[in-house]
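All remarks here apply to the structure that follows.
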Amino acid sequence: MFNEAAEVFFKISNPDAIIYMLFFNACAGIGTKNVLSLIEKVLSTVPKYYCEDTRILIAVFDAYIKCGDLLNAEKVFSKMKRTVKSYGNLMNAYNKNNQSNRTLRLYEQMKIDDIQPNSFIYVLLINACANIGILSISQSIYNQISSNFLTHTYIQNALIDMWVRLLINLYCLFLFKEI
């Protein structure tokens, strides 16, 4: 269905902002690296005044993330009005691409931008800590989680996973020291 939507776009002679947004949403729905050249091709034809449209920026940002182009997603992110959702989308992409350190750096930027984390952000941070496997960082992030979020089951499950993975890492380090 998304492929057909992208094909229809090229039959429209004078697309407006909504049509561009729908095209980029279709590209996000396809979500493959093959679509990146189409995104670039169309993006180069988008009138400048549309490139400042929040809806188009969000659609392009999402398309880049879903297609695995984090470098261009970061460029668009720098032009967007930042929200907890846009931060979360980029953090999630970093975690999926084994770039958990970048998730933690983005969290620091989020604090500078005075964007309050939600439970989704905390789960992403906990998962990043679990992937990095450094106890001091994990403890620091845990200490920053508001107590009212600690009652959420999915945060509790993520914390259990993080602590278990940290214990396994520490145990393995201990075993290798003994050998």
Side-chain angles (χ1 to χ4, degrees), residues 1-10 12 15-134 137 141 144-145 154-155 158 161-162:
M1 190 80 160
F2 292 117
N3 287 323
E4 290 84 10
E7 288 175 21
V8 168
F9 172 83
F10 291 103
I12 299 171
D16 62 10
I18 292 172
I19 300 298
Y20 280 114
M21 183 188 65
L22 291 172
F23 169 77
F24 293 122
N25 286 340
C27 291
I30 297 168
T32 64
K33 291 202 181 286
N34 298 339
V35 177
L36 290 172
S37 59
L38 284 179
I39 293 170
E40 291 298 320
K41 178 181 175 182
V42 171
L43 203 50
S44 69
T45 68
V46 175
K48 193 168 188 109
Y49 53 91
Y50 284 159
C51 289
E52 296 168 6
D53 185 307
T54 301
R55 297 169 300 174
I56 291 177
L57 286 173
I58 291 169
V60 171
F61 175 68
D62 191 44
Y64 278 136
I65 285 178
K66 298 276 174 51
C67 295
D69 187 346
L70 297 185
L71 184 62
N72 278 316
E74 290 169 335
K75 289 177 185 175
V76 174
F77 182 76
S78 70
K79 298 174 187 175
M80 297 173 49
K81 178 180 187 269
R82 296 175 185 180
T83 64
V84 70
K85 185 175 180 181
S86 61
Y87 271 101
N89 286 341
L90 193 52
M91 288 175 172
N92 190 37
Y94 286 151
N95 283 354
K96 285 182 178 178
N97 287 279
N98 298 316
Q99 298 178 19
S100 297
N101 285 325
R102 295 177 87 179
T103 296
L104 297 177
R105 283 195 300 270
L106 194 58
Y107 174 61
E108 293 305 316
Q109 182 61 49
M110 187 176 171
K111 291 191 296 188
I112 291 167
D113 290 343
D114 200 29
I115 305 283
Q116 296 303 310
N118 60 17
S119 55
F120 180 65
I121 296 295
Y122 285 129
V123 168
L124 292 169
L125 290 169
I126 294 165
N127 290 340
C129 289
N131 290 334
I132 292 170
I134 300 174
I137 294 172
I141 293 297
Q144 294 176 53
I145 300 173
Y154 41 88
I155 288 181
D161 177 62
M162 178 185 76

Review point. Can you name the residues that form a salt bridge (charged side-chain N to carboxylate O under 4.0 Å, His left out) with D62, not counting sequence neighbours?
Key: K66
Review point. Atom CG of D161 and atom SG of C129: how far apart are they, to the nearest 0.5 Å?
Key: 11.5 Å
Check your understanding: How would you list all residue pairs meeting ring pair (Phe, Tyr, Trp, His ring centres under 6.0 Å) that involve residues 15-45, not counting sequence neighbours?
Key -> F9-Y20, F9-F23, F10-F23, Y20-Y50
Give the table of side-chain donor-acceptor pairs shorter than 3.5 Å for residues 30-39, with sequence neighbours excluded, one pair per line with atom names and distance.
| from | atom 1 | to | atom 2 | distance (Å) |
| --- | --- | --- | --- | --- |
| K33 | NZ | G68 | O | 3.4 |
| S37 | OG | N34 | O | 3.4 |

Study note, to complete from the structure: Separation between CE (M110) and OG1 (T103), nearest 0.5 Å, reads 12.0 Å
Review point. Can you list the residues that meet the side-chain hydrogen bond (donor to acceptor under 3.5 Å, both in side chains) rule with N127, with sequence neighbours excluded?
Key: none
Review point. Can you list every salt bridge (Lys or Arg N to Asp or Glu O under 4.0 Å) pair that touches residues 15-31, not counting sequence neighbours?
Key: none
Point to revise | Summary of salt bridge (Lys or Arg N to Asp or Glu O under 4.0 Å) pairs that have at least one residue in residues 85-108, sequence neighbours excluded | key: E74-R102, E108-K111
Exercise for review: Mind jotting down which residue pairs meet the salt bridge (Lys or Arg N to Asp or Glu O under 4.0 Å) criterion with at least one end in residues 118-132? Sequence neighbours excluded, please.
Suggested key: none
Check your understanding: Rounded to the nearest 0.5 Å, what separation is found between the OG atom of S100 and the CG atom of L124?
Key -> 10.0 Å
Point to revise | Side chains of L125 and Q144 in contact at under 4.5 Å (non-hydrogen atoms) | key: no
Exercise for review: May I have all residue pairs that pass salt bridge (Lys or Arg N to Asp or Glu O under 4.0 Å) and include part of residues 45-59, sequence neighbours excluded?
Suggested key: D53-R55
Point to revise | Residues in ring-ring contact (aromatic ring centres under 6.0 Å, His included) contact with Y107, at least two apart in sequence or another chain | key: none
Practice item. Say whether, by atom type as modelled, one donor and one acceptor occur between the side chain of N118 and the main chain of F120 under 3.5 angstrom. Key: yes
Practice item. Write down the atom of V84, the atom of P117, and the distance for their closest heavy-atom approach. Key: CG2-CA, 4.3 Å
Exercise for review: Output all residues satisfying side-chain hydrogen bond (donor to acceptor under 3.5 Å, both in side chains) with N89, sequence neighbours left out; order by chain, then residue number.
Suggested key: none
Check your understanding: Which pairs with one or both residues in residues 71-96 pass ring pair (Phe, Tyr, Trp, His ring centres under 6.0 Å), sequence neighbours excluded?
Key -> F61-F77, F77-Y87
Study note, to complete from the structure: I58 meets the side chain to side chain contact (heavy atoms under 4.5 Å, CB included) criterion, sequence neighbours left out, with T54, M80
Point to revise | Value rounded to 0.5 Å, distance of CD1 in I141 from CE in M162 | key: 9.0 Å
Check your understanding: Does a side-chain heavy-atom distance below 4.5 Å link I115 with I121?
Key -> no
Review point. To the nearest 0.5 Å, how far apart are CD1 in I18 and CG in N25?
Key: 11.5 Å
Check your understanding: What is the minimum heavy-atom distance between A93 and I65, and which atoms define it?
Key -> CB-CG2, 3.8 Å
Exercise for review: State, to 0.1 Å, how close L106 and M91 come at their nearest heavy-atom pair, and which atoms those are.
Suggested key: CD2-CG, 3.7 Å
Review point. Nearest heavy-atom pair of A63 and A28: which atoms, and what distance?
Key: CA-CB, 3.7 Å
Exercise for review: Drop me the distance from I137's CD1 to N101's CG, to the nearest 0.5 angstrom.
Suggested key: 6.5 Å
Exercise for review: List the atom of V46, the atom of C51, and the distance in Å for their closest heavy-atom pair.
Suggested key: CG1-SG, 3.7 Å
